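Step one of this worksheet: look at the structure below.
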2 protein chains.
Amino acid sequence: MGNAPIDEAVAQLSRLPGIGRKTATRLVYWLLRSPTGTAATIGRALSALEGGVRECDTCCDFTDQIRCPICASGGREQGVVCVVEHPQDVRAFERSAGFRGRYHVLHGAISPLDGVGPAELRIRPLLERIRSDEIREVILATDPDVEGDATALYLARLLRGVGVRVTRIARGLAVGTEIEYADPASLSRALENRQEL
Amino acid sequence: MGNAPIDEAVAQLSRLPGIGRKTATRLVYWLLRSPTGTAATIGRALSALEGGVRECDTCCDFTDQIRCPICASGGREQGVVCVVEHPQDVRAFERSAGFRGRYHVLHGAISPLDGVGPAELRIRPLLERIRSDEIREVILATDPDVEGDATALYLARLLRGVGVRVTRIARGLAVGTEIEYADPASLSRALENRQEL
């Protein structure tokens, strides 16, 4: 229609997963009807994700610092590391408030079909942490699905002989669920019932 | 979690209608995993809606010019004005390609329950157009629902005695549908079957 800013905003919003052209159009016209500042503020918040977010030097979680608040905190147990697939999983465990150790974020799980092998995950920094820090136990908290189980098994084999206790969170979670959306109670239970691998 | 850019992006995206906290979180983490430039480009497109989009001096449709391309075009019939509720409705009629006149966008419909009266709509610029331009016919193409019918009735009364033909698009559209999402064929039919008010 010759209306470049609207067409561009619709095209850009349509790139987001689960947002089709119709939804994008609805959102853009909603923004155009909103008080001044709404579209600009939302736009700035998205732009700020770039440059403003990096990976923690220690645990690879997303952070706006060199070290994330959990790694930098003196109040967390230093000897236990909970290994998760995604940064969202750290948020889920923190909401369950059943864990006082620290985390390590792999940024994915082994999935040959998707072309994700061990080299694509943050495994090397995990090994370096285990070597240099005084870590007693590694809790493998990857998702209870095929990829998560494969990743846990791979890490368990890799850590055999390193002299660290390796456990897997209990299958208190229904098979196929995603940790990100699990309820806090089930997550606490799964942590408590973790077993030796 | 002390991660200000992520928290802010989630909070801002959650302001959009139909986007809850979980969806916003999913979108933000998708952006963080996307190639560099993705979040910045989408963010800029949203910010550009402000300042870049204004209302056409003639028809009140959204445009990035003083006059929109349809009003500025010499190829459109000058004597017929199709009055719609929303800019999206102009897009829908243009897709149906059954109309060669021009438009007028009210930016809403009369709805006392929502506090929208005639003063909130772009009715005054419509009257000015009818007075100054050589307009023979005003087609009332507000939605076929309670608010759209009330608005059409209000405008029909207002234009009585002005010496202009006033028609209402045919109820070829199912009651309760929104023009924005109607199929092109039904829209063409509804225009053809328009009736004297």
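All figures in this text were calculated on a predicted structure; none of them were measured in a lab. The chains referred to below are lettered A, B, ... by the order of the sequence lines, with proteins before strands, and numbering in each begins at 1. In what follows, every heavy atom counts, from backbone to side chain, and hydrogens, waters and symmetry copies are set aside.
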Residue part contacting chain A, namely of B:L31, when any heavy atom lies under 4.5 Å: side chain
What about A:Y29 and B:H107, are their ring centers closer than 6.0 Å? no
Let me know if B:A48 has heavy atoms under 4.5 Å from chain A in its side chain, its backbone, both or neither. backbone
So which part of B:T36 gets closer than 4.5 Å to some heavy atom of chain A, the side chain, the backbone, both or neither? both
Specify which of B:A9, B:P17, B:S47 makes the most heavy-atom pairs with chain A at under 4.5 Å. B:P17
Which label fits A:F99 and A:F93: parallel for a plane angle under 30°, tilted from 30 to 60°, or perpendicular past 60°? tilted
For the CG atom on B:L127, are there more than 12 heavy atoms of other groups (residues, nucleotides or ligands in this structure) within a distance under 6.0 Å? yes
For B:T38, which atoms come within 4.5 Å of any heavy atom of chain A: side chain, backbone, both, or neither? both
Option that, when pairs with chain A are counted at under 4.5 Å, heavy atom only, ranks first among B:E8, B:R26, B:R33: B:R26
With B:L106, which of B:I123, B:V116, B:D89 fulfils side-chain contact (heavy atoms from CB on, under 4.5 Å)? B:I123
Residue among B:L159, B:T167, B:V162 satisfying side-chain contact (heavy atoms from CB on, under 4.5 Å) with B:V138: B:L159
